[in-house]
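The block underneath contains the structure these notes are about, expressed in structure tokens.
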Amino acid sequence: MLFSELAELCGALGGTTKRKEKTRMLAGFLHRLEPEEIPSAILLIVGSVFPEFDPRALEVGWRTMRRVLEGGRQTTLIDEPLTITRVHRTLEEIAEATGPGSRRRKESLLEGLISRADPGEVEVLVRIVFGEMRIGVSEGMMLEGIAEASASSIKLVRRALMLTGDLGEVARIALEGGEEGLGRVSVRMFVPLKPMMATMSYNIAEALEEHGGRAAFEYKFDGARIQIHRRDDRIRVYSRRLTDVTESLPDVVDVVRGRIASEDAILEGEAVAVGGGGRPLPFQDLMRRFTRVHDIADMVEKIPLRLHFFDVLYLDGRLLVDEPYEARWRLLEGGCPEDLLAERLITGDAAEVEGFLKRALEEGHEGLMVKRLDGRDIPGVRGKGWLKVKPTETLDLVIVAADWGSGRRRGWLSNYHLAAGSEAGYMVIGKTFKGLTDEEFGWMTRRLQGLKARETETTVHVRPEVVVEVAFNEIQRSPRYRSGFALRFARVTRIREDKEPEDADTLGRVKELYDKQFQFKDRIIL
DNA sequence: ATTGTCTGCCCC
DNA sequence: ATTCTGC
DNA sequence: GCAGAATGGGCAGACAAT
């Protein structure tokens, strides 16, 4: 099929917000595809080129794209029109270009595509390269489309995705084999499952009530999620996004080999960096271990990891996702020594939970996970079976600049540069685009434009007058901001019309809060 | 050999 | 990662 | 209540430029 038809579909999908309508459009389109182009088309529509677990990446971002788009190009009339297969194949070639000269090669391949595309196709190509189609169709809607097109239940389609992690493959199976084909999909060792995710909860009482008055509470660690597949001597470690990270984490492999009794299992846990005092290190330090390729042995010593397992998805030939939480935990316990398990408390007593949360925080962890005792795993969706409770702090900060938004935020100043006062003037410690409603964005845009001091193409700098209350989870060392600090997960919780900039928090206060974090965490000096 | 730029379905 | 919005 | 969009900081790696 021609790529122009796919581009046209994307335009139509972006033209409606109605999900039923999108589902119908997707289903109709899927029926018209040739069997061999189904996987590529599916991936392209959701703005990707490869399935999640595939390590290939385009390595083309907006800088490269801008050079290609701005570079003089002519449309060559003798070219054949682009097909879906041709586009996908070329994108694969772009990803596969590595080594000296590869950037130039990537650019010229991309230019070849762009020069053969009409304006509508260029728009879609650009979005695919950025990995974001922004047409209201992502994985979830695509699953609906696949279900509709193959007359299969959405549950079965979702399950197949959970097990394969490959949307294109799921579509192929569904359209060729229907429910029968989907039913034959089963768990495979060394094919990572999409992990289950938690919903945010704002306090313990609410979480407890949501789960019927009694639940399991586990420490929530400030680390990285890992999924471990082990069959006999073969052990592989996968990240939350299904990337194989085994080579970076030889110490994790050793722990599994040496201390886990289960020899045919898929386990889930959290890897946390620990310091000399046995307390957790900041997340920043964990990240120095995670995607490392060079000097791995050296860093294994300098930044050791600690594992906290909390789930088993498969054991000795059995997929366990339909087993209740408690049954899975018992199986986990059976093969995993106690010190490698997440700290856990089962109770219905809110006061007891408060104490447990306090302990988690005083041991340097992030908060608590709250899990339904009879909950099944529903990997791949953010279900309400798992809740997370993380306390936050706030600072009152001054907006010193704002960036123009894009997409549905076009026309609004929607990303605010937040600063704290110091002897050297206002110093930025982060940005945020979260917490305001559409109405408030409108108000803020007008307010800030009235305070404009100077502007660039993307940013309006303003006189420091608007104070906002900003919630955050952590203060990090910043290599980017001159202030030396940055907020993690900053979001506006209140517009402080009652406060003047002089009343806002100072950089001195920020430093104080930063240092206080090490009351419960270790510090590393390399 | 060193430094700078760009990228990541990165990790959170 | 968090937040808001349309369905 | 789900699914999607809009964007955050910081890390190592890979290649390009000097």
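Labels below follow one simple rule: chain letters A, B, ... track the order of the sequence lines, proteins then strands, and each chain is numbered from 1.
Taking atom P on both D:dA6 and B:dC12, the two are 23 Å apart, rounded to the nearest angstrom. With C1' as the reference atom, B:dT5 and B:dC9 are 22 Å apart, rounded to whole Å.
A donor-acceptor contact under 3.5 Å links the side chain of A:R103 to the base of D:dA14.
One interatomic measurement links the two molecules: CD1 of A:I94 to P of B:dG8, which rounds to 12 Å at whole-angstrom precision. As rounded to whole Å, 10 Å separates atom P of C:dC4 from atom CZ of A:R491. Protein atom CD of A:E59 is 12 Å distant from nucleotide atom C1' of D:dA12, rounded to whole Å. Look at NE2 on A:H294: it is 12 Å from C1' on D:dC15, rounded to the nearest Å. As a whole-Å value, the separation of A:L110 CG from B:dT7 P is 11 Å. Atoms NZ (A:K106) and C1' (B:dT5) sit 15 Å apart, rounded to a whole Å.
Across all strands, A:K390 comes closer than 4.0 Å only to sugar-phosphate atoms, never to a base (heavy-atom distances). Contact annotation for A:E52: base contact, defined as any heavy-atom pair under 4.0 Å involving a base atom. Across all strands, A:R127 comes closer than 4.0 Å to no nucleic acid atom at all (heavy-atom distances). Within 4.0 Å of A:A224, counting heavy atoms only, lie sugar-phosphate atoms of the nucleic acid but no base atom. Contact annotation for A:G136: backbone-only contact, meaning every heavy-atom pair under 4.0 Å involves sugar-phosphate atoms and none involves a base. When heavy atoms are screened at a 4.0 angstrom cut-off, A:P100 is found touching the sugar-phosphate backbone but no base atom. A:K388 comes within 4.0 angstrom of sugar-phosphate atoms only, judged by non-hydrogen atoms across all strands, and of no base. Within 4.0 Å of A:T199, counting heavy atoms only, lies no atom of the nucleic acid at all. Across all strands, A:S48 comes closer than 4.0 Å to base atoms (heavy-atom distances). A:L286 comes within 4.0 angstrom of no nucleic acid atom, judged by non-hydrogen atoms across all strands. A:F221 comes within 4.0 angstrom of no nucleic acid atom, judged by non-hydrogen atoms across all strands. Counting any heavy atom pair closer than 4.0 Å across all strands shown, A:V60 reaches sugar-phosphate atoms only and no base atom. A:I135 comes within 4.0 angstrom of sugar-phosphate atoms only, judged by non-hydrogen atoms across all strands, and of no base. Within the 4.0 angstrom heavy-atom criterion, only backbone atoms of the sugar-phosphate kind lie near A:G101; the bases stay farther away.
Listed nucleotides: D:dG9, B:dG8, B:dC6. Nearest to the side chain of A:R67: B:dC6. Taking only side-chain atoms of A:R480, from C-beta outward, the nucleotide of B:dC10, D:dC11, D:dG9 with the closest atom is D:dG9. Looking at the side chain of A:R241, the nearest of the listed nucleotides D:dA6, C:dT2, B:dC11 is B:dC11. For A:K384, whose side chain is taken as the heavy atoms from C-beta onward, the closest listed nucleotide among D:dG9, D:dA12, D:dG1 is D:dG1. The nucleotide whose nearest atom lies closest to any side-chain atom of A:F283 is, among D:dG9, B:dT7, D:dA12, D:dG9. Among D:dC11, B:dG8, B:dC11, the nucleotide with an atom closest to any side-chain atom of A:R477 is D:dC11. With D:dA6, B:dC12, B:dC11 as the choices, the nucleotide that has an atom nearest any side-chain atom of A:V245 turns out to be B:dC11. Checking D:dC11, D:dA3, B:dC6 against every side-chain atom of A:T64, the shortest atom distance belongs to B:dC6. For A:Q284, counting side-chain heavy atoms from C-beta on, the closest listed nucleotide (D:dG9, D:dG4, D:dG10) is D:dG10.
Not one side-chain nitrogen or oxygen of A:S102 sits closer than 4.0 Å to the OP1 or OP2 atom of D:dA14. The phosphate of D:dA12 has OP1 or OP2 within less than 4.0 Å of a side-chain N or O from A:R292. Close to B:dT7, at under 4.0 Å from its OP1 or OP2, lies no side-chain N or O of A:R63. One finds no side-chain N or O of A:H417 lying less than 4.0 angstrom from the OP1 or OP2 phosphate oxygen of D:dG8. An OP1 or OP2 oxygen of B:dC12 is reached within less than 4.0 angstrom by no side-chain nitrogen or oxygen of A:N473. Proximity of A:Y202 to the phosphate of C:dT2: no side-chain N or O atom is located under 4.0 Å from OP1 or OP2. The shortest distance between the side-chain N/O atoms of A:R288 and the OP1/OP2 oxygens of B:dC12 is not below 4.0 Å.
Remark: D:dG1 base-pairs with C:dC7; criterion is Watson-Crick or G-U wobble with both hydrogen-bond distances under 3.5 Å.
Applying the side chain to side chain contact (heavy atoms under 4.5 Å, CB included) test between A:L113 and each of A:I128, A:L91, A:V122 identifies A:L91 as the sole match.
Side chain to side chain, A:E366 and A:Y219 fail the donor-acceptor criterion of an N or O pair below 3.5 Å. Judged purely by distance below 3.5 Å, without hydrogens or angles, the side chains of A:T23 and A:E148 never pair a donor atom with an acceptor atom. With no hydrogens or angles considered, a side-chain donor-acceptor pair links A:D244 and A:T246 at under 3.5 Å. A donor-acceptor pair shorter than 3.5 Å cannot be found between the side chains of A:D403 and A:T458.
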Can you name the atoms? Protein N/O to nucleotides 5-7 of chain C N/O, anything below 3.5 Å, with the distance.
| from | atom 1 | to | atom 2 | distance (Å) |
| --- | --- | --- | --- | --- |
| C:dT5 | OP1 | A:D438 | N | 2.8 |
| C:dG6 | O3' | A:T17 | OG1 | 3.4 |
| C:dC7 | OP1 | A:T17 | OG1 | 2.3 |

*asked:* Before you tell me yes or no, could you show the steps for A:E206 and A:S201 under side-chain hydrogen bond (donor to acceptor under 3.5 Å, both in side chains), namely the whole-Å CA-CA distance, both residues' side-chain angles and the distance that decides it to 0.1 Å?
replied: CA-CA 7 Å; A:E206 177 192 297; A:S201 182; 3.2 Å; yes
*asked:* Let's go through A:E469 and A:T493 carefully: what are the C-alpha distance in whole Å and the side-chain angles of both, what is the deciding distance for side-chain hydrogen bond (donor to acceptor under 3.5 Å, both in side chains) to 0.1 Å, and is it a yes or a no?
replied: CA-CA 6 Å; A:E469 181 185 76; A:T493 42; 2.8 Å; yes
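Contact annotation: the side chain of A:F520 never approaches that of A:E363 to less than 4.5 Å [non-hydrogen atoms, C-beta and beyond]. Looking at heavy atoms from C-beta onward, A:H88 lies in side-chain contact with A:L44 at the 4.5 angstrom threshold.
By the 6.0 Å and 45° rule, A:R236 does not stack over the aromatic ring of A:F190.
Note: A:H229 and A:Y238 have perpendicular aromatic rings, judged against thresholds of 30 and 60 degrees for the angle between ring planes.
The main-chain N or O of A:G99 is found under 3.5 Å from a side-chain atom of A:S102 such that the two form a donor-acceptor pair. Of the possible donor and acceptor atoms, one in the side chain of A:R289 sits under 3.5 Å from a partner among the backbone N and O of A:I303.
Base pairing in DNA chain B gives the following stems of 3 or more Watson-Crick or G-U pairs, range against range and under 3.5 Å: B:1-8 with D:11-18, B:10-12 with D:8-10.
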